[in-house]
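Heavy atoms only: backbone and side chains are in, while hydrogens, waters and symmetry mates are out. One-based numbering, in listed order, for ligands and for the atoms of each.
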Amino acid sequence: HLTGGVDGPLAGKKVVITAGPTFEPLDPVRGLTNRSSGKQGYAIAQKLAREGADVTLISGPVSLPTPIGVTRIDVETAQEMFDAVHAQLPCDVFVGVAAVADWRAKDIAAEKQKKTADNELSVTFVKNPDILESVSKHLDLRPRLVIGFAAETQKLEDYAHAKLASKGCDAIVANNVSEGVFGSAHNQATLVDLDGFTPIAGMTKADIADFLSAYIQKRIA
Ligand code: CTP
Ligand code: CA
């Protein structure tokens with residue numbers, strides 16, 4: 001049974017979603033990455049497409065099939081993800097689900113680096129651009145609704161509330177990652193926006209996608 005499409009509640013709305021990790025190379029065979037299966041972002045993309053939205057999914061390296069009806073753009077680094085997101089603006093809704101690497105190597109070696117006699121290795125990292133913040137604070141093309149995710153191991157509500165303010169987005173889905181969430185079918189989450197906290201604990205990633213879809217429909221109706 002198919003729902004949504006051109007008749008769905010989100011028909012005519014353009015949604016851009018980031019998902020998965022980013023991968024920041026150190027040399028041709030090594031790199032820095034984050035732990036992320038991509039499942040939550042893909043579940044949200046699938047749900048919003050079923051509701052009729054025009055969904056573009058900007059994905060780091062994951063092993064997941066492209067959800068039906070979703071336009072997928074594959075990227076590797078945070079800078080590539082940043083550029084791909086900005087190339088999609090304007091849009092109605094932006095959802096940043098990706099686990100973006102906060103740092104990249106200052107210099108990427110052109111050749112595979114060999115071990116040396118030294119037991120220690122120092123690498124200088126430089127900060128990556130914050131995609132969510134750049135979209136939230138976009139002067140000309142800010143989407144009507146900008147939603148971020150936050151993975152925390154402690155002080156979930158405090159940190160999520162601080163991120164809402166510092167990044168300038170409209171809502172943050174805060175995930176408790178202290179209980180083996182990565183790669184599992186379940187998340188534990190709370191949504192924080194200017195109205196306060198809405199707990200969504202104990203729900204599956206599909207349930208969180210459903211919750212977010214209803215939230216988006218309410219907010220941009
Ligand atoms: N994010 C982003 N670009 C970055 C870093 C994060 O778009 N360079 C987005 C993530 O996709 C997520 C949100 O910002 O929606 C929060 O990411 P998180 O890593 O929890 O926050 P940071 O601000 O990076 O703080 P920290 O890692 O220090 O907790
Ligand atoms: Ca981070």
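Ligand 1 places these atoms under 4.0 Å from at least one heavy atom of Ala98: 10 (C), 11 (O). Every atom of ligand 1 with a heavy atom of Pro129 under 4.0 Å away is listed here by number and element: 3 (N), 4 (C), 8 (N). Contact atoms of ligand 1 toward Gly148: 15 (O) (distance under 4.0 Å to a heavy atom of the residue). Those atoms of ligand 1 with a heavy atom of Gly96 less than 4.0 angstrom away are 11 (O), 12 (C), 15 (O).
With hydrogens left out, the protein atom closest to atom 7 (O) of ligand 1 is Leu132 N, 2.8 Å, a heavy atom. With hydrogens left out, the protein atom closest to atom 18 (P) of ligand 1 is Lys163 NZ, 3.5 Å, a heavy atom. The nearest heavy-atom contact from the protein to atom 1 (N) of ligand 1 is Asp130 OD1, 3.9 Å.
Not close to ligand 1: Ala99, with no non-hydrogen atom less than 4.0 angstrom away.
Under a 3.5 Å cut-off, the side chain of Lys167 and the backbone N or O of Lys137 do not form any donor-acceptor pair.
Here Lys13 does not pair with Asp54 in a salt bridge; the nearest charged N to carboxylate O distance is not below 4.0 Å. By the 4.0 Å N-to-carboxylate-O rule, Glu152 lies close enough to Lys163 to be salt-bridged with it. The pair Lys205-Asp207 does not meet the salt-bridge criterion, since no charged nitrogen lies less than 4.0 angstrom from a carboxylate oxygen. For Lys47 and Asp210, the salt-bridge test passes: some basic side-chain N is under 4.0 Å from an acidic carboxylate O.
When each of Ile216, Val97, Ile147 is paired with Ile44, the side-chain contact (heavy atoms from CB on, under 4.5 Å) condition holds for Val97 and for no other.
When non-hydrogen atoms are compared, ligand 1 lies under 4.0 Å from neither the backbone nor the side chain of Glu133. In Asp102, the part holding a heavy atom less than 4.0 Å from any atom of ligand 1 is the side chain. Using a 4.0 Å cut-off between heavy atoms, Ala78 makes no contact with ligand 1 at all.
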Practice prompt. Begin from the C-alpha positions of Ser122 and Glu120 and carry the test side chain to side chain donor-acceptor pair (under 3.5 Å) through to its verdict.
Written response: CA-CA 7 Å; Ser122 296; Glu120 293 186 0; 5.8 Å; no
**OP:** In sequence, state the C-alpha distance, the side-chain angles, and the governing distance for Tyr42 and Ser59, and then conclude on side chain to side chain donor-acceptor pair (under 3.5 Å).
**Re:** CA-CA 9 Å; Tyr42 276 59; Ser59 178; 2.7 Å; yes
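Contact between Pro65 and Arg72 at its shortest, heavy atoms only, is C-NH1, 4.0 Å. Residue Gln40 comes nearest to Phe149 through the heavy atom pair CG-CE2, 3.8 Å, listed as atom of the first residue, atom of the second, then distance.
The closest side-chain heavy-atom distance from Asp92 to Leu145 is not below 4.5 Å.
Residue contacts with ligand 1: Val97 is placed with no nitrogen or oxygen under 3.5 Å of a nitrogen or oxygen of the ligand (distance criterion only). Here's the thing with Lys167: one of its N/O atoms is less than 3.5 angstrom from an N/O atom of ligand 1. Any N or O atom pair closer than 3.5 Å counts here, and Thr18 shares no such pair with ligand 1. Residue Val100 has no nitrogen or oxygen atom sitting less than 3.5 Å from a nitrogen or oxygen atom of ligand 1, judged on distance alone. Geometrically, ligand 1 and Phe149 share a nitrogen or oxygen pair separated by less than 3.5 Å.
Among Ile131, Val173, Thr153, the residue whose heavy atom sits closest to atom 2 (C) of ligand 1 is Ile131.
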